[in-house]
Amino acid sequence: MPLARLDAEDDFDSWRSTARTAALLDVPPEGLHWQVGDQIADLFAGATEPPLPPAPAGAAFSVPRPFVALAETAILHREPERFNLLYTMLLRLRDEPRRIEDETDPLRRRLEDMARAVRRDIHKMRAFLRFREVADDDGEPRYVAWFEPEHHIVRANAGFFRRRFAHMRWSILTPEVSIHWDGGTLTEGPGATREDAPDGDPTEEVWKTYYASIFNPARLKTHAMLKEMPKKYWKNMPETALVPSLIAGAQARETEMVSTPAKRTGPGGNAQGALAALREEAAHCRRCPLWQPATQTVFGEGPADAALLFIGEQPGDQEDIAGKPFVGPAGQLFDRALAEAGVDRAAAYVSNAVKHFKFEPRGKRRIHAKPNAGEIEACRWWIDQERAIVRPRVTVALGATAAHSLFGKAVTISKVRGAAIALADGSEGWVTVHPSFLLRLPDEDRKAEEYARFVNDLRKIGERAKALAG
């Protein structure tokens, strides 16, 4: 009886090659022993079993593409019989390709259930994995996470974490295999234990403060929360240490929220504390390379209950030095325009789509460089959290970069300027030009004309914010 050997539990390429050869040789499912590494797959399968002979020269067949996609995912399941189940399906499709369309086929349904469980596990890893900072051998920071997957998903998920945290050095430890990223190369190591991973780091207290601040007792659905975030993941997530006490106090907090006159201080009642925690976390942001040449993170500022929130592009040279948004030439023009429009800047929250200054050095000067789509997307998490805490009635995107950040896609300013756009949270988004656009205009008459139009935009937006807040 032939022995089909795979290098690893998730070795799809070897399974596909071996299964195809076995099918061309007409080996029945019960006549094939699958073995991973040096482990014997069956008590009666011995090391003397012969390997699978080569397929006949020139022999070939094809299977429907949906089966290949299904097999790539289902093979990651922990079911010991998965290799043979997939091989059985392969033989059926070799002779009846349209069988893949039969939704009542028990084998197809079983394989799809396995693939669905794998996809859920992949999602759980992406959602519930938490990195903790440690010092590497060279003294530089490395971020280490511990995770216990239900299925063989670690290698399949490695590309996601490599792309998401491309500019961090990190390690993900699991019982089966560990993966490591040094900023340029992804490597693999043996499995680890929970004791090999760090217990915590100083940033966890900041994250806990933020999580507690945004916790909304009025929206608590414990059953749904446990379904989406099972307790098995809690021990690896710093914020979940707070969940039992937050749940325990949720009813009292909800009663207090109902009986107390509404204050726009965020869903958890401590928006200012949430912003402070978020600001502290953003100070250590490494989501894109822009932090390296910049002086510091320039976070948003303004009241935590502002009805009006402005998003600019990024800090400039003076903002990078001062650590405050809109304090340079464009900021001064912005202040003047707001005053003429009757909008109180002190009552608005002002931030940027990108939190670090991107520039090109030219001698002693640093010349502004436009953020790219990847940098905008990497920083979008911060502005989304600012908006979630402040909950403005109106959010204003100043320029194309800010609009891209707010709407998640590139927009043409001339097409959307001056009109309200409904946002997913029920508030309104507005778009106008960035003040720096006015500074770059060479013609004085054109500059005066565009400035007047900008002031008119701000006046209209300010009146709309007041109407919605009133």
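Below, each value reflects all heavy atoms present in this structure, side chains not excepted, and no hydrogens, waters or symmetry copies.
Partner of Glu112 under the side-chain hydrogen bond (donor to acceptor under 3.5 Å, both in side chains) criterion, out of Arg110, Arg116, Arg108: Arg108 alone. The side-chain contact (heavy atoms from CB on, under 4.5 Å) test with Ile153 singles out one residue from His123, Glu176, Arg78, Met125, and that residue is Met125.
Between Phe128 and Phe147, the gap from one ring centroid to the other reaches at least 6.0 Å.
For the residue pair Thr18 and Arg5, no side-chain donor N or O sits within less than 3.5 Å of a side-chain acceptor on the partner. Looking only at atom types and distance, the side chain of Arg142 has a donor-acceptor partner in the side chain of Ser171 under 3.5 Å away. The closest side-chain donor-acceptor pair between Gln314 and His356, if any, does not fall under 3.5 angstrom. Using modelled atom types and a 3.5 Å distance limit, the side chains of Thr187 and His180 yield no donor-acceptor pair. For the residue pair His151/Glu79, the side-chain donor-acceptor check at 3.5 Å is not satisfied.
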Derivation of the salt bridge (charged side-chain N to carboxylate O under 4.0 Å, His left out) call for Glu9 and Arg82: CA-CA 10 Å; Glu9 296 281 3; Arg82 65 193 182 281; 2.6 Å; yes

Working for side chain to side chain contact (heavy atoms under 4.5 Å, CB included), residues Thr432 and Arg417: CA-CA 5 Å; Thr432 185; Arg417 183 176 181 178; 3.5 Å; yes

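By the 4.5 Å heavy-atom criterion applied to side chains, Arg20 and Tyr87 are not counted as neighbours. Two residues are said to be in side-chain contact when any heavy atoms from C-beta on lie closer than 4.5 Å; Trp381 and Arg287 meet this criterion.
Panel note: side chain Thr395, backbone Leu309; no donor-acceptor pair is recorded below 3.5 Å.
Ring-plane geometry between Phe131 and Trp170 is classed as tilted, the angle between the planes lying from 30 to 60 degrees on a 0 to 90 degree scale.
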